[in-house]
Amino acid sequence: MKGLIAKKVGMTQVFDENGNLTPVTVIQVEPNTVIATKTKETHGYDAVVLGIDDLKESKVNKAYKGQFPENVSPKRHLKEFRDFEKEVAVGDQIGLELFEKTSFLDVTATSKGKGFQGVMKRWGFHGGRASHGSKFHREAGGTGNCTTPGHSMKNIKMAGRMGSERVTVQNLKVVKIDPELKVVLVRGAVPGNKNATLIIKNAVKK
């Protein structure tokens, strides 16, 4: 397992040597700091805790600051990666060099929040006819039986809050890695708004 904490910059497009256009997402990967390491002997499993984005000392309480070693400033975003492939020590900096030989990535983030939405937007219902006099346009229709059992069953697709969920997009092809700009371009879209915090991992072949 190889993984880093990153940020979504936005989408653009690139052309290959044959002139084919490829839509890509630009992911900014600043150096991740190793906050802690865990071993099977001590914790029961092997893992590495990474962090990015420094926090001001005045905005960190003692409980939160206590998990950081003395030579590492408190970080805003932390993530634990189990069975980390590379051997690291506390205080080390890990960047894009971790994915030099990686062709596909899995990206995890919180999707865009859409608020409360109806069944047509949320579930793709077709709705009723748009003609005059129909009186059935964007409603959900029937949601349950009559007297028996007299209520809607669980898992019925209805209107409700949409988006703002943890989403993982798998097997995104790495189009280009630019160590100078500290960005990686992956084919297709990834979840989240611009500047959203992402978790990128190497795609595991099954």
Side-chain angles (χ1 to χ4, degrees), residues 1-14 21-30 32 47 49-53 55 59 61 63-64 75-82 104-175 183-206:
M1 173 60 65
K2 296 185 291 186
L4 291 173
I5 308 172
K7 286 191 175 182
K8 178 179 177 179
V9 177
M11 292 197 70
T12 184
Q13 55 192 25
V14 295
L21 184 147
T22 302
V24 296
T25 301
V26 183
I27 300 175
Q28 184 84 38
V29 184
E30 295 292 340
N32 286 213
V49 180
L50 302 180
I52 62 169
D53 289 350
L55 283 173
K59 294 188 176 182
N61 58 32
Y64 189 76
K75 307 295 182 183
R76 185 182 305 276
H77 302 290
L78 301 177
K79 174 64 178 176
E80 179 180 284
F81 296 91
R82 293 200 178 194
F104 295 89
L105 293 176
D106 293 344
V107 180
T108 302
T110 301
S111 63
K112 294 180 181 179
K114 306 290 186 180
F116 192 96
Q117 298 296 335
V119 292
M120 292 184 70
K121 183 175 179 66
R122 191 183 186 198
W123 301 110
F125 282 19
H126 286 226
R129 298 176 62 179
S131 57
H132 177 71
S134 170
K135 296 185 180 180
F136 179 78
H137 303 292
R138 301 186 65 87
E139 288 85 353
T143 59
N145 301 321
C146 290
T147 306
T148 305
H151 63 83
S152 296
M153 306 300 288
K154 287 185 177 180
N155 301 321
I156 294 293
K157 293 180 178 179
M158 301 174 71
R161 189 174 67 86
M162 180 181 177
S164 192
E165 298 175 336
R166 204 64 171 166
V167 179
T168 299
V169 180
Q170 296 180 311
N171 296 322
L172 293 173
K173 184 177 180 181
V174 176
V175 177
V183 298
V184 55
L185 306 182
V186 296
R187 182 179 180 181
V190 303
N193 296 298
K194 291 182 180 179
N195 297 320
T197 301
L198 312 175
I199 305 299
I200 59 175
K201 299 178 182 179
N202 62 306
V204 180
K205 296 182 179 179
K206 295 183 180 181

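Numbers for residues simply follow the sequence, beginning at 1.
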N/O donor-acceptor pairs under 3.5 Å from side chains in residues 4-14, not counting sequence neighbours:
unit_1	atom_1	unit_2	atom_2	d
Lys7	NZ	Asp53	OD2	3.0
Lys8	NZ	Val190	O	3.1
Lys8	NZ	Gly192	O	2.8

Please list every donor-acceptor pair under 3.5 Å in which a side-chain atom of residues 197-204 meets a protein atom from a residue at least two apart or in another chain.
unit_1	atom_1	unit_2	atom_2	d
Thr197	OG1	His77	NE2	3.4
Asn202	OD1	Lys2	N	2.7

Side-chain donor-acceptor pairs of residues 153-169 under 3.5 Å, sequence neighbours excluded:
unit_1	atom_1	unit_2	atom_2	d
Arg166	NH1	Thr110	OG1	3.2
Thr168	OG1	Thr108	OG1	2.8

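Interatomic distance, Thr22 OG1 to Lys173 NZ, rounded to the nearest 0.5 Å: 7.5 Å. Summarising the geometry, atom CZ belonging to Arg129 is positioned 12.5 Å from atom CZ belonging to Phe136; distances are rounded to the nearest 0.5 Å. Expressed to the nearest 0.5 Å, how far CD1 of Ile27 lies from CG of Leu185 amounts to 8.5 Å.
With sequence neighbours left out, the side chain to side chain contact (heavy atoms under 4.5 Å, CB included) criterion links Glu30 to Gln28, Lys182. Remark: Asn195 engages no residue in a side chain to side chain contact (heavy atoms under 4.5 Å, CB included) (not counting sequence neighbours). In terms of the salt bridge (charged side-chain N to carboxylate O under 4.0 Å, His left out) criterion, Arg76 has no residue partners (sequence neighbours excluded). Every side chain to side chain contact (heavy atoms under 4.5 Å, CB included) that Val119 has, sequence neighbours left out, goes to Trp123, Phe125, Ala140.
Using a distance-only test at 3.5 Å, with no hydrogens or angles considered, no donor-acceptor pair links the side chain of Asn193 to the main chain of Ala196. Side chain of Tyr64 to main chain of Lys59: no donor-acceptor pair is present (N/O by atom type, distance under 3.5 Å, no hydrogens or angles).
Pairing each heavy atom of Pro191 with each of Ala109, the nearest pair is O-CB, 3.6 Å. Considering every non-hydrogen atom in both Arg82 and Glu80, the closest pair reads NE-OE2, 3.8 Å.
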*Can you list the steps and then say if Val186 with Val24 is a side-chain contact (heavy atoms from CB on, under 4.5 Å)?*
CA-CA 5 Å; Val186 296; Val24 296; over 6 Å; no
_Checking Leu50 against Phe81 for the side-chain contact (heavy atoms from CB on, under 4.5 Å) test, could you report, in this order, the C-alpha distance in whole Å, the side-chain angles of both residues, the deciding distance, and whether it holds?_
CA-CA 8 Å; Leu50 302 180; Phe81 296 91; 3.7 Å; yes
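Heavy-atom neighbours of Arg187 CZ from other residues, nucleotides or ligands within 6.0 Å: at or below the threshold of 12.
Sorted by first and then second residue, the side chain to side chain donor-acceptor pair (under 3.5 Å) pairs involving residues 138-152 (not counting sequence neighbours) are Thr143-Ser152.
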